[in-house]
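Below: the structure, in structure tokens.
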There are 2 protein chains.
Amino acid sequence: MDTKKRSDCPISCSLDIWGDKWSLLIVRDLMFAKQCTYGDFLKSGEKIATNILATRLQMLEENGIVAKLNHPDSKAKVLYKLTQKGIDLLPVMIEINLWADKYLTLPAEQKALLKEVKKNKEAFIKTRIKELKETS
Amino acid sequence: MDTKKRSDCPISCSLDIWGDKWSLLIVRDLMFAKQCTYGDFLKSGEKIATNILATRLQMLEENGIVAKLNHPDSKAKVLYKLTQKGIDLLPVMIEINLWADKYLTLPAEQKALLKEVKKNKEAFIKTRIKELKETS
DNA sequence: TATTTGTACTTGCAAAATGCAAGCGAATTT
DNA sequence: AAATTCGCTTGCATTTTGCAAGTACAAATA
């Protein structure tokens, strides 16, 4: 798997883990949905290829950002959820959203969602983290 | 060049611009150094290949994140600096640093630098943005 | 003035990552 | 018992990356 490391810089080390075009979208899905099956990710609009999804999930799991759980309904299904390490990417995610809100053209629904965040960023993050932490 | 867009999600759109393994490192260099020549980037420890550097700089320029300036000393040199759009990536950069500080093993010097940030994040960002804005 | 050096790239090619389609084994449904 | 769902894996074409060498122009040097 991806095991090469460049420098010791925090940015560089972080990018080595989740700095590709897909990983943060997987994390985003889990921040919205709290937990997803493999199929949920595939159906989530971005059209990620199934093999890429598999390697990314493996990478994220190896690095302790997501965890695999047994699905309560079926042994054939798997549940993915964020670990604390993954949940703590929320501030990064928020700042990317705010930057995009300022500089990119986003659909109205996205803009609306971000209005709430801008009202009180710290509070939003805090309550959202609490929600994500709750054991389902 | 890279012109494909995936969904309308802010994360996805942002990643389409700077979501590769190198772009944020270029931005980071400019946040530290304020302005760099092409050669400065090459010498900055990460060992980025020269062709990759060229295409990334072009991409970042096309997307209004960096700007090219004439070097005051020589017509042979070029100066790259962040635009406002690029400077506004600072909060993203800070949050990545804080996440890395919490979860990855970083060298002591990096840890020390981040102590200052943690003391007062908002203030740090504000003054750093002001510094970056100053016309050299 | 001629020549060498520095600076910002470009080019060619091999290696790696990505993307697409089909397949596969185990679990579940019919 | 057969068909379907689910979470992947595999094979292969396309794209991106990485390395090494080369090029064009400006500037310093002889």
Side-chain angles (χ1 to χ4, degrees), chain A residues 1-7 11-12 15-27 29-30 33 35-63 65-81, chain B residues 1-7 11-12 15-26 29-30 33 35-63 66-81:
Chain A
M1 196 62 15
D2 270 319
T3 37
K4 32 189 128 162
K5 192 180 173 185
R6 293 172 294 183
S7 77
I11 302 291
S12 161
L15 293 179
D16 283 341
I17 299 175
W18 46 259
D20 68 285
K21 299 254 183 240
W22 293 111
S23 296
L24 278 188
L25 296 180
I26 292 172
V27 172
D29 282 353
L30 286 172
Q35 46 194 28
C36 297
T37 65
Y38 190 88
D40 289 338
F41 290 117
L42 284 179
K43 279 179 251 130
S44 85
E46 304 281 358
K47 287 167 192 166
I48 183 170
T50 170
N51 54 340
I52 307 293
L53 176 59
T55 61
R56 288 296 155 254
L57 283 171
Q58 192 182 323
M59 181 72 157
L60 290 171
E61 199 196 355
E62 278 170 7
N63 284 280
I65 288 169
V66 307
K68 275 167 100 164
L69 272 68
N70 294 328
H71 196 292
D73 296 354
S74 157
K75 240 197 272 185
K77 291 186 184 176
V78 180
L79 271 183
Y80 287 94
K81 65 174 292 189
Chain B
M1 198 61 16
D2 269 322
T3 38
K4 34 190 125 158
K5 193 179 173 186
R6 291 173 294 182
S7 78
I11 302 292
S12 161
L15 293 180
D16 282 342
I17 299 175
W18 47 258
D20 67 285
K21 299 251 183 242
W22 293 109
S23 296
L24 278 188
L25 296 180
I26 292 172
D29 282 353
L30 286 172
Q35 45 195 27
C36 297
T37 65
Y38 190 87
D40 288 338
F41 290 117
L42 285 178
K43 281 178 249 132
S44 85
E46 303 280 0
K47 286 168 192 166
I48 182 171
T50 170
N51 56 340
I52 307 294
L53 176 59
T55 60
R56 287 297 154 250
L57 282 171
Q58 192 181 324
M59 180 74 158
L60 290 171
E61 198 195 356
E62 279 170 7
N63 283 281
V66 308
K68 275 167 99 162
L69 272 69
N70 294 329
H71 195 291
D73 297 354
S74 159
K75 240 199 275 185
K77 291 186 185 177
V78 180
L79 271 182
Y80 288 94
K81 64 174 292 188

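Throughout, a chain's letter reflects where its sequence line sits, starting with A, and its residues are numbered from 1.
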Counting side-chain heavy atoms from CB outward, which of [options] is closest to [X]?
| X | options | value |
| --- | --- | --- |
| B/Tyr80 | C/dC20, C/dC9, D/dG18 | C/dC9 |
| A/Ala49 | D/dG18, C/dC20, C/dT10 | C/dC20 |
| B/Arg56 | D/dT17, D/dT9, C/dT18 | D/dT17 |

Using the side-chain contact (heavy atoms from CB on, under 4.5 Å) criterion, which residues pair with [X]? Sequence neighbours excluded.
| X | value |
| --- | --- |
| A/Lys43 | A/Asp40 |
| A/Ala49 | A/Asn51, A/Ile52 |
| A/Ala33 | A/Cys36 |

Rounded to whole Å, please give me the gap between [atom1] in [X] and [atom2] in [N].
| X | N | atom1 | atom2 | value |
| --- | --- | --- | --- | --- |
| A/Leu69 | D/dC6 | CG | C1' | 17 Å |
| B/Lys21 | D/dT16 | NZ | P | 16 Å |
| B/Met59 | C/dC9 | CE | P | 17 Å |
| B/Leu60 | C/dC9 | CG | P | 13 Å |
| A/Gln35 | D/dG7 | CD | P | 13 Å |
| A/Gln58 | C/dT18 | CD | C1' | 16 Å |
| A/Ile52 | D/dC12 | CD1 | C1' | 14 Å |
| A/Asp20 | C/dA17 | CG | P | 12 Å |

I need the [X] [atom1] to [Y] [atom2] distance, nearest 0.5 Å.
| X | Y | atom1 | atom2 | value |
| --- | --- | --- | --- | --- |
| B/Leu79 | B/Asn70 | CG | CG | 8.5 Å |
| A/Ile11 | B/Ser23 | CD1 | OG | 12.5 Å |
| A/Lys21 | A/Ile48 | NZ | CD1 | 13.0 Å |
| B/Thr37 | B/Leu69 | OG1 | CG | 12.5 Å |

Short side-chain N/O contact to C/dA17 OP1/OP2 from A/Trp22, under 4.0 Å: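 No, because none of the side-chain N or O atoms of A/Trp22 sits under 4.0 Å from OP1 or OP2 of C/dA17.
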Determine: side-chain N/O of B/Lys68 to OP1/OP2 of C/dC9, distance under 4.0 Å, yes or no.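 So the side chain of B/Lys68 is within the cut-off, an N or O lying under 4.0 Å from OP1 or OP2 of C/dC9.
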Residue-level proximity of residues 40-47 of chain B to DNA chain C when a heavy atom falls under 4.0 Å: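 Residues of residues 40-47 of chain B that come under 4.0 Å of DNA chain C do not exist, since none gets that close.
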Closer to the 5' end of DNA chain C via nearest nucleotide, is it A/Ile48 or B/His71?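 Nearest nucleotide further toward 5': that of B/His71.
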Readout for nucleotides 20-30 of chain D: B = base within 4.0 Å of protein heavy atom, S = sugar-phosphate only, - = neither; 5' to 3' it is -B----SS---
So, using salt bridge (charged side-chain N to carboxylate O under 4.0 Å, His left out) as the criterion, who are the partners of A/Asp29 when residues are at least two apart?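 Counting only residues at least two positions away or on another chain, A/Asp29 forms no salt bridge (charged side-chain N to carboxylate O under 4.0 Å, His left out).
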Would A/Tyr80 and A/Gln35 count as a side chain to side chain contact (heavy atoms under 4.5 Å, CB included) here? Give the steps. CA-CA 6 Å; A/Tyr80 287 94; A/Gln35 46 194 28; over 6 Å; no
